[in-house]
Amino acid sequence: MKFIVSSSYLLKQLQILGGVINNNNTLPILDNFLFELNQDKLKVSASDLETTMSAVLEVESDSEGSIAVPAKLLLDTLKTFPEQPLTFVVEENNTIELSSSYGKYALAYADGEEFPNAVELEEPNSTVIPADVLATAINKTIFASGNDDLRPVMSGVFFQFSQEGLTFVATDAHKLVKYSREDVTTTQAADFIMPKKPLNLLKGILSGSDSEVLIEYNESNAKFTFDDTQLTCRLIDGKYPNYEAVIPKENPNVLSIDRTQFLNSVKRVSIFSNKTTHQVKLKIAGAELNISAEDVDYSNKAEERLTCDYQGDDMQIGFNSRFLTEMLNNLNANNVQLEMSMPNRAGILTPKDGLDEGEKVTMLVMPVMLNN
């Protein structure tokens, strides 16, 4: 088995696939990349049993074979080469020899047969989404998903497909983000919960791509296919909470404000907030928004005033500044709107501009009780 491939092209593909490999694997074989050569096509796969990702690379070769190559060793070696052709030759003594213009390097390989196969989806449903839409949807929602092992359903992103459009939801019970697209629809309705790891991998590859992504899914697994890449992953088992029920419908108090100004103000004031609650207080009266924070234990406090457009009753409400900052950072609007009903009910943050046709973002942030 022998093939020749460009060093930077191989490194770029392997770095993407390397994101799948865990630092401490229970099965030693998972520390490897699986190389499957078929003439001038080299299929490289990486897996952690839950997620398997593979890419097909163009190489110069007329042989066939399959071997598992140590991932870290190969990546560390490739990172040191400038762009050049590399030759890989499988030797008799269970090593694969890599030849560059500098010299030769031998890596011990394992039998490709030992590598776990990716799950084959039986009778999957499928839908096709433009890559940039999927990347945006992941970007807009993934930060709001939880990390609680006791509530695994909240540690992923909920995908909901229907004839009306696509909806992506993430929540950790303190904040919630719902991102929907009415310009992309599917023929059959479906919903499933995607884990974070494969979504982060997809996000990295798909942003800026203009290809289409074929998503196939059944009860337990999903498979994403685009360009020469495939990603198969296990879905999170369980029922997603009824998120519509927590979004307050009647919100008579509406604050409109410049996003950057609001964000910078919250960032500055929050430096003076209590280090456990991260609480900032918004006090709104007329066209003035007063943002303040106080850390009583250390006698630190800060207060800023901003002009805003406000319709509603005078109000005081407290929020965790970290959640507010994350949400405002994640919107690319010039102006945002915060709708509220009561100091103990969730606030709804939405962008007033900067959205594409058919695109909708709703963010929900739970208040922190103020101790006046």
Side-chain angles (χ1 to χ4, degrees), residues 1 3 5-38 41-59 61 64-81 86 88 90 94-96 98 105 107-121 131 134-135 138 142 156 194-207 209 211 213-216 220-236:
M1 175 175 163
F3 61 91
V5 64
S6 139
S7 61
S8 54
Y9 169 59
L10 179 62
L11 175 63
K12 188 178 167 215
Q13 298 295 332
L14 292 187
Q15 279 177 320
I16 292 170
L17 295 170
V20 177
I21 300 172
N22 288 336
N23 290 334
N24 40 2
N25 283 309
T26 40
L27 294 176
I29 191 73
L30 297 176
D31 294 333
N32 296 276
F33 288 121
L34 175 65
F35 279 20
E36 295 172 283
L37 183 65
N38 187 353
K41 297 267 187 284
L42 173 68
K43 181 179 174 187
V44 184
S45 308
S47 175
D48 68 356
L49 293 183
E50 301 273 322
T51 305
T52 303
M53 190 168 169
S54 61
V56 177
L57 283 65
E58 302 282 330
V59 296
S61 172
E64 293 177 1
S66 110
I67 57 169
V69 187
K72 188 175 183 313
L73 192 58
L74 183 56
L75 278 171
D76 288 347
T77 312
L78 290 174
K79 281 175 196 163
T80 63
F81 291 136
L86 300 176
F88 288 79
V90 171
N94 261 26
T95 58
I96 181 165
L98 160 58
Y105 321 86
L107 297 79
Y109 69 82
D111 184 4
E113 296 295 313
E114 292 177 34
F115 203 84
N117 292 330
V119 179
E120 288 301 323
L121 274 67
L134 184 58
I138 297 170
I142 197 162
M194 276 289 295
K196 245 188 260 195
K197 183 176 175 179
L199 288 179
N200 275 319
L201 292 167
L202 286 170
K203 181 177 83 170
I205 315 166
L206 295 176
S207 51
S209 159
S211 50
V213 182
L214 168 68
I215 306 178
E216 297 169 276
S220 48
N221 294 283
K223 179 173 167 187
F224 296 75
T225 309
F226 50 95
D227 302 335
D228 294 321
T229 307
Q230 266 190 0
L231 182 143
T232 308
C233 70
R234 189 176 299 166
L235 297 171
I236 295 176

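Because the structure is a prediction, the values reported are computed rather than measured.
- Taking the side chain as every heavy atom from C-beta outward, Thr225 and Glu216 approach each other to under 4.5 Å.
- Between Lys43 and Ser54, the shortest heavy-atom distance links the atoms CE-OG, 3.6 Å.
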Next item on the list: For side-chain contact (heavy atoms from CB on, under 4.5 Å), just list the numbers for Asp227 and Ile205, CA-CA rounded to whole Å, side-chain angles, deciding distance to a tenth of an Å, and then say yes or no.
Entry: CA-CA 11 Å; Asp227 302 335; Ile205 315 166; over 6 Å; no
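- Rounding to the nearest 0.5 Å gives a distance of 6.0 Å between CG of Asn221 and CG of Leu235.
- No option in Ile67, Val20, Leu75 other than Leu75 meets the side-chain contact (heavy atoms from CB on, under 4.5 Å) test with Phe33.
- In this structure the side chain of Leu42 never reaches within 4.5 angstrom of the side chain of Val5, judged on heavy atoms.
- Remark: Lys203 NZ is packed, more than 12 non-hydrogen atoms of other residues, nucleotides or ligands lying under 6.0 Å away.
- The side chain to side chain contact (heavy atoms under 4.5 Å, CB included) search around Asn117 returns none, not counting sequence neighbours.
- Note: Lys223 NZ to Ile215 CD1 = 13.0 Å, rounded to the nearest 0.5 Å.
- Shown here for Ala55 and Thr229, the closest heavy-atom pair between the two residues is CB-OG1, 4.2 Å.
- Aromatic ring orientation, Phe88 versus Phe3: parallel (interplanar angle below 30°, classes split at 30° and 60°).
- Between the NZ atom of Lys79 and the OG atom of Ser8 there is a distance of 15.0 Å, given to the nearest 0.5 Å.
- Smallest separation of non-hydrogen atoms from Ser211 and Phe226: OG-CB, 4.4 Å.
- Heavy atoms of other residues, nucleotides or ligands lying less than 6.0 angstrom from CD of Gln15 number more than 12.
- Residues Thr77 and Leu73 share a closest heavy-atom pair of OG1-O, 2.6 Å.
- Contact of the Phe35 side chain with the Leu74 side chain is registered, since non-hydrogen atoms from C-beta on lie closer than 4.5 Å.
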Check: Could you go step by step and tell me if Val69 and Val44 meet the side-chain contact (heavy atoms from CB on, under 4.5 Å) rule?
Finding: CA-CA 10 Å; Val69 187; Val44 184; over 6 Å; no
Next item on the list: Step by step, work out the side-chain contact (heavy atoms from CB on, under 4.5 Å) result for Met53 and Ile16.
Entry: CA-CA 9 Å; Met53 190 168 169; Ile16 292 170; 3.5 Å; yes
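- Nearest heavy atom pair, residue Lys197 against residue Gly19, reads CE-O, 3.6 Å.
- Taking CZ of Phe81 as the start and OG of Ser6 as the end, the distance is 12.0 Å to the nearest 0.5 Å.
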Check: Between Thr52 and Val119, is a side-chain contact (heavy atoms from CB on, under 4.5 Å) present by the stated rule, with each step listed?
Finding: CA-CA 8 Å; Thr52 303; Val119 179; over 6 Å; no
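- Atom CG of Asp228 and atom CD of Gln230 lie 10.0 Å apart (nearest 0.5 Å).
- Looking only at distances, no side-chain donor or acceptor of Asn38 sits under 3.5 Å from a matching main-chain atom of Lys41.
- Residues Met194 and Ile138 form no side-chain contact, since every pair of their non-hydrogen atoms from C-beta on lies 4.5 Å or further apart.
- Taken to the nearest 0.5 Å, the CG atom of Leu231 stands 9.5 Å off from the CG atom of Leu17.
- Listed for the Asn32 side chain is a donor-acceptor partner under 3.5 Å among the backbone atoms of Ile29.
- Two residues are said to be in side-chain contact when any heavy atoms from C-beta on lie closer than 4.5 Å; Leu206 and Phe224 fail this criterion.
- In this view, Asn25 and Ile21, Asn22, Leu30, Asp31 satisfy the side chain to side chain contact (heavy atoms under 4.5 Å, CB included) rule, not counting sequence neighbours.
- Across all non-hydrogen atoms, the minimal contact from Tyr9 to Val56 is OH-O, 4.2 Å.
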